[in-house]
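So the structure is just underneath, and the comments pick up after that.
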Amino acid sequence: MPELPEVETICRALAPRLEGRRLLEAEFFERRVLEGPPARVAARLRGQTVRTLRRHGKHLLVEFDSGSLLAIHLGMTGHLHWGGEPGPHTRAVLTFDNGRVLYDDPRMFGRLELCEQLPRRIARLGPEPLHIPAAEFVERLHARRGAIKPLLLNQTFLRGLGNIYTDEALFRAGIHPRAIAARLAPDRARKLHRAIRQVLNAAIASGGTTISDYVDTEGQPGGFQFQLQVYGRTGEPCPRCAAPIRRIVIAQRGTHFCPQCQRR
DNA sequence: ATCGGTACCTGCACGC
DNA sequence: TGCGTGCAGGTACCGA
């Protein structure tokens, strides 16, 4: 499911509910999604009060008054629900003094980690795509010799882009997914920077993208799937030039683009 | 640095 | 109906 706009949507919904609230009980039903022994993590969490909720790339960070952090990554199929009943894929339940959060994750690619400070793995990720200035983006881009698509998916380059928004941003910028990053002319690199911002902001405004199963914390689907121009539209006409959208595989990921509008 | 491959998991759509 | 196949929003790790 979740790339930056989906995690942002979840964060905005949960922050007002959780900030200032006390965590009464943490239950973990699947140790694979948890860093550390469930009983020990639960004991450390019990009684803590939430100071803030924030997003860091695709991670959701719950910061407690003690300074401890609960870092949540939803993987491919992780969901957070406010309230509701646990189901077959519920891997954790966090009970607060005003309600509970269910963590569901069928494929269990997601991770929950309780730590005293941001783990290095997360801290060393690249800048936020919505914060990085154009000049810095272009400079970082020009330092890389690989193809642009795998680079945008690389979280140490920028944190938060996934397969959907990468394809959409490249389409809007008119750049071929196999184009070499370092060889992009500065104006085209700046255009890509703009396209990334536009796509992410539009997706956040729509509450994210629902392809098959993403829903927000209230169980509502997002709306950005209706604004996708290439992702998942193999064979359909390009909205700009009507050429059939093509699907290829780059870095093991399905990649959608218009062969006419995105020339090498 | 970069690339390709594999691995981790389950569920779903599809063709036969 | 049942079964095999391929695909899926993510990331880590390996060797080349």
Side-chain angles (χ1 to χ4, degrees), chain A residues 1-11 29-35 55-60 71-80 87-92 103-113 119-126 129 139-170 177-183 196 199-200 203-204 206-216 221-235 247-256:
Chain A
M1 164 232 344
E3 305 181 32
L4 186 154
E6 290 75 33
V7 180
E8 179 67 25
T9 300
I10 291 165
C11 187
F29 311 115
E30 177 52 66
R31 62 183 338 134
R32 267 173 292 191
V33 301
L34 186 68
E35 293 289 331
R55 182 189 57 73
H56 184 95
K58 298 175 192 173
H59 294 263
L60 191 64
I72 302 174
H73 193 291
L74 299 171
M76 289 271 260
T77 54
H79 304 279
L80 291 170
H89 302 124
T90 302
R91 313 301 184 188
Y103 173 63
D104 283 16
D105 187 359
R107 287 175 74 180
M108 298 187 288
F109 286 170
R111 286 294 175 273
L112 308 180
E113 180 175 6
R120 188 150 20 142
R121 189 183 70 258
I122 302 175
R124 59 146 217 248
L125 298 180
E139 188 184 335
R140 285 174 68 83
L141 205 63
H142 282 165
R144 302 297 196 117
R145 301 154 173 249
I148 188 67
K149 159 111 183 186
L151 182 61
L152 294 180
L153 289 175
N154 181 345
Q155 301 296 297
T156 64
F157 179 70
L158 284 182
R159 61 181 195 246
L161 288 178
N163 210 29
I164 295 179
Y165 299 111
T166 295
D167 283 0
E168 291 298 308
L170 287 172
R178 283 199 215 274
I180 301 301
R183 293 206 207 121
I196 290 169
V199 165
L200 293 179
I204 291 169
S206 298
T209 299
T210 298
I211 299 295
S212 63
D213 66 351
Y214 167 73
V215 288
D216 65 17
F224 197 68
Q225 62 277 16
F226 303 115
Q227 295 175 60
L228 295 177
Q229 308 202 11
V230 288
Y231 185 86
R233 305 193 52 191
T234 311
R247 179 185 182 279
I248 59 177
V249 175
I250 301 179
Q252 270 66 261
R253 311 301 301 277
T255 298
H256 312 76

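In the text below, chain A, chain B and the rest are named by the order of the sequence lines, each starting its count at 1.
The shortest distance between the side-chain N/O atoms of A/Gln155 and the OP1/OP2 oxygens of C/dG10 is not below 4.0 Å. Between A/His89 and B/dC9, a side-chain N or O to OP1/OP2 separation shorter than 4.0 Å is absent. A sub-4.0 Å separation between OP1 or OP2 of C/dT11 and a side-chain N or O of A/Lys58 is present. One finds no side-chain N or O of A/Arg111 lying less than 4.0 angstrom from the OP1 or OP2 phosphate oxygen of C/dT11. Remark: A/His73 is in phosphate contact with C/dT11, judged by side-chain N or O atoms under 4.0 Å from OP1 or OP2.
Both distances falling under 3.5 Å, in either a Watson-Crick or a G-U wobble arrangement, occur for no nucleotide opposite C/dG9.
Within 4.0 Å of A/Thr210, counting heavy atoms only, lies at least one base atom of the nucleic acid. As judged by a 4.0 angstrom heavy-atom cut-off over every strand, A/Gln252 is placed among the base-contacting residues. Across all strands shown, A/Tyr165 has no heavy atoms under 4.0 Å from either base or sugar-phosphate atoms.
A/Leu34 has its CG atom 17 Å from the C1' atom of B/dC8, to the nearest Å. The nearest whole Å value for the distance from the CG atom in A/Asn163 to the P atom in C/dG9 is 5 Å. In this entry the distance linking CG of A/Leu153 with C1' of B/dA1 reads 17 Å, nearest Å. Atom NE2 of A/His59 and atom C1' of C/dA12 are 12 Å apart (whole Å). Between the CD atom of A/Glu3 and the P atom of C/dA8 there is a distance of 13 Å, rounded to whole Å. Look at CG on A/Asp167: it is 10 Å from P on C/dG10, rounded to the nearest Å. Separating the CG atom of A/Asp105 from the P atom of B/dT10 is a distance of 11 Å, rounded to the nearest angstrom. Distance A/Met108 CE to B/dA7 P: 17 Å, rounded to the nearest Å.
Between A/Lys149 and A/Asn163, the side chains place a donor N or O and an acceptor N or O closer than 3.5 Å (distance only, hydrogens not considered). Using modelled atom types and a 3.5 Å distance limit, the side chains of A/Asp167 and A/His256 yield a donor-acceptor pair. Neither side chain, A/Asp216 nor A/Thr9, offers a donor N or O lying under 3.5 Å from an acceptor on the other.
Salt-bridge formation is detected for the pair A/Glu113/A/Arg121: a Lys NZ or Arg NE/NH1/NH2 atom is positioned less than 4.0 Å from an Asp or Glu carboxylate oxygen. Ion pairing of A/Arg32 with A/Glu30 is present here, as a side-chain N (NZ or NE/NH1/NH2) and a carboxylate O approach within less than 4.0 Å.
Comparing the P positions of C/dC3 and B/dC8 gives a spacing of 24 Å, expressed to the nearest Å. When the C1' atom is compared between B/dC3 and C/dG9, the two are found 23 Å apart, to the nearest whole Å.
Of the candidate nucleotides B/dC3, C/dG9, B/dG11, B/dC3 has the atom lying nearest to any side-chain atom of A/Ala147. Listed nucleotides: B/dG11, C/dT11, C/dC7. Nearest to the side chain of A/Arg247: C/dC7.
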Does the side chain to side chain donor-acceptor pair (under 3.5 Å) test come out yes or no for A/Thr209 and A/Tyr165, once each step is laid out? CA-CA 10 Å; A/Thr209 299; A/Tyr165 299 111; 2.6 Å; yes

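Residue-to-nucleotide contacts include no donor-acceptor pair under 3.5 Å from the side chain of A/Arg121 to the base of C/dA12.
Residue order along DNA chain B, read from the 5' end via each residue's closest nucleotide, puts A/Pro150 first among A/Arg32 and A/Pro150.
By the 5.5 angstrom centroid cut-off and the 30-degree plane limit, A/Phe109 is classified as stacked against the base of B/dC8.
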